[in-house]
Amino acid sequence: MENDIKKKRGADVSEEIGRLAAELRETRPGTWEDIPDIHLYKDQVIEIMEGQHIGFTVDPDEGLTPAMINNYAKSGLIPRAKGKRYDRSHIAYLTIICMLKQILPAKDAGAFLSKMTGDEDSIKELYSRYCSLLDEKCLEVSGRMEESRSEQDIRALMLELAVSSYVQGLACKRLTEILAADADETEGPDTDR
């Protein structure tokens, strides 16, 4: 990065920031076509997912477990496995859910996905859009990190990223609530009560 950082704390900080910027610039989930088009067992899904979600490399605590996959299927966040086998649409759903759950409760993330998907073509389209947006935002942030030359620049970028994330998270949560309320009104009163 820059001499200002190296002078204060040595090359380690600058190198670590450089590594993070490189991860953000280079680490991406596989494209739809890269996801195996075969039926997979849960342990194979976990193995593929380790390379699918950038958060898994940036934050090791942000993992996916077999129990989480079971819970997502039981609660309808992802389609149920077909005879204990998962396919590429499951990988796409899980990749997007792992990102969405950082902002929204899992239930809301599932509702969001269910309204945007239906058949394999719609999940393919959503997944492709997700990958495109992720690429755009990762390149934008990594570029900003690489431009930050001093500790002051980095701290200013941290504040900007935190505030932007906060505002976007609030907006996403509220938009989810608004759309859910609208869907409830559209469906009418519950006749089972």
Side-chain angles (χ1 to χ4, degrees), residues 1 13 16-32 35 49-65 68-69 71-72 75-78 89-118 122-186:
M1 285 258 144
V13 172
E16 190 65 27
I17 291 170
R19 278 193 292 276
L20 176 57
E23 282 185 70
L24 290 173
R25 189 177 53 253
E26 298 165 6
T27 305
R28 295 292 182 279
T31 64
W32 181 262
I35 299 171
M49 285 301 298
E50 288 173 2
Q52 276 296 101
H53 190 345
I54 189 170
F56 294 166
T57 60
V58 175
D59 183 359
D61 292 335
E62 196 179 306
L64 181 69
T65 65
M68 292 167 78
I69 294 173
N71 290 337
Y72 293 160
S75 61
L77 297 178
I78 63 172
S89 66
H90 290 99
I91 300 293
Y93 273 104
L94 288 168
T95 301
I96 296 170
I97 286 172
C98 286
M99 180 272 305
L100 286 176
K101 73 178 187 171
Q102 303 305 310
I103 305 298
L104 299 170
K107 164 180 89 88
D108 293 342
F112 169 81
L113 284 176
S114 71
K115 298 290 185 195
M116 295 195 67
T117 60
S122 62
I123 186 63
K124 178 182 177 182
E125 184 178 320
L126 176 63
Y127 181 75
S128 295
R129 179 73 179 132
Y130 163 80
C131 288
S132 176
L133 284 168
L134 181 67
D135 187 54
E136 176 185 321
K137 296 302 178 184
C138 284
L139 290 174
E140 177 184 319
V141 171
S142 67
R144 298 283 309 279
M145 289 173 67
E146 290 166 342
E147 292 169 4
S148 299
R149 302 295 183 194
S150 66
E151 184 171 337
Q152 183 177 353
D153 290 345
I154 292 168
R155 291 191 186 283
L157 178 60
M158 289 168 54
L159 178 61
E160 181 184 333
L161 293 172
V163 170
S164 177
S165 177
Y166 172 73
V167 171
Q168 291 173 7
L170 285 176
C172 186
K173 286 177 188 175
R174 188 64 186 119
L175 289 170
T176 301
E177 292 167 359
I178 291 167
L179 290 177
D182 182 58
D184 290 344
E185 287 177 18
T186 304

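Atom CG of D108 sits about 10.0 Å away from atom CG of L100, to the nearest 0.5 Å. Taking OG1 of T95 as the start and CE of M49 as the end, the distance is 3.5 Å to the nearest 0.5 Å. Residue L134 holds its CG atom at 10.5 Å from CD1 of I96, rounded to the nearest 0.5 Å. Here D135 contributes atom CG and T27 contributes atom OG1; the two are 11.5 Å apart, rounded to the nearest 0.5 Å. The line from SG of C131 to CG of L126 is 9.5 Å long, rounded to the nearest 0.5 Å. Rounded to the nearest 0.5 Å, atoms CG (L24) and CD (E140) are 11.5 Å apart.
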Please step through side-chain contact (heavy atoms from CB on, under 4.5 Å) for the pair R28 and C138, ending with a clear verdict.
CA-CA 9 Å; R28 295 292 182 279; C138 284; 3.2 Å; yes
For a side-chain contact (heavy atoms from CB on, under 4.5 Å) check, start with the C-alpha distance between L133 and E136, then their side-chain angles and the critical distance, and finish with the verdict.
CA-CA 5 Å; L133 284 168; E136 176 185 321; 4.3 Å; yes
Full working for salt bridge (charged side-chain N to carboxylate O under 4.0 Å, His left out) between E125 and R129
CA-CA 6 Å; E125 184 178 320; R129 179 73 179 132; over 6 Å; no
Carefully, step by step, assess L94 and Q52 under the rule side-chain contact (heavy atoms from CB on, under 4.5 Å).
CA-CA 9 Å; L94 288 168; Q52 276 296 101; over 6 Å; no
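Within a 6.0 Å sphere centred on CD of E26, heavy atoms belonging to other residues, nucleotides or ligands number more than 12.
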Acceptor/donor pairs from residues 156-169 side chains to any protein atom, 3.5 angstrom cut, sequence neighbours excluded:
{"residue": "E160", "atom": "OE1", "partner": "R144", "partner atom": "NH2", "Å": "2.7"}
{"residue": "E160", "atom": "OE2", "partner": "R144", "partner atom": "NH1", "Å": "2.8"}
{"residue": "E160", "atom": "OE2", "partner": "R144", "partner atom": "NH2", "Å": "3.4"}
{"residue": "S164", "atom": "OG", "partner": "Q168", "partner atom": "NE2", "Å": "3.0"}

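Under the 3.5 Å distance criterion, the side-chain polar atoms of T176 are matched with a main-chain donor or acceptor of C172.
The two residues W32 and Y127 have their closest heavy-atom pair at N-CE2, 3.6 Å. Here the shortest heavy-atom pairing between I154 and S148 reads CG1-CB, 3.7 Å. Minimum interatomic distance between S89 and I123 (heavy atoms only, all atoms of both residues): CB-CG2, 3.9 Å.
Partners of E177 by salt bridge (Lys or Arg N to Asp or Glu O under 4.0 Å), not counting sequence neighbours, listed by chain and number: R174. The side-chain contact (heavy atoms from CB on, under 4.5 Å) test applied to T65 returns A67, M68, not counting sequence neighbours.
In this structure the side chain of I97 never reaches within 4.5 angstrom of the side chain of L64, judged on heavy atoms.
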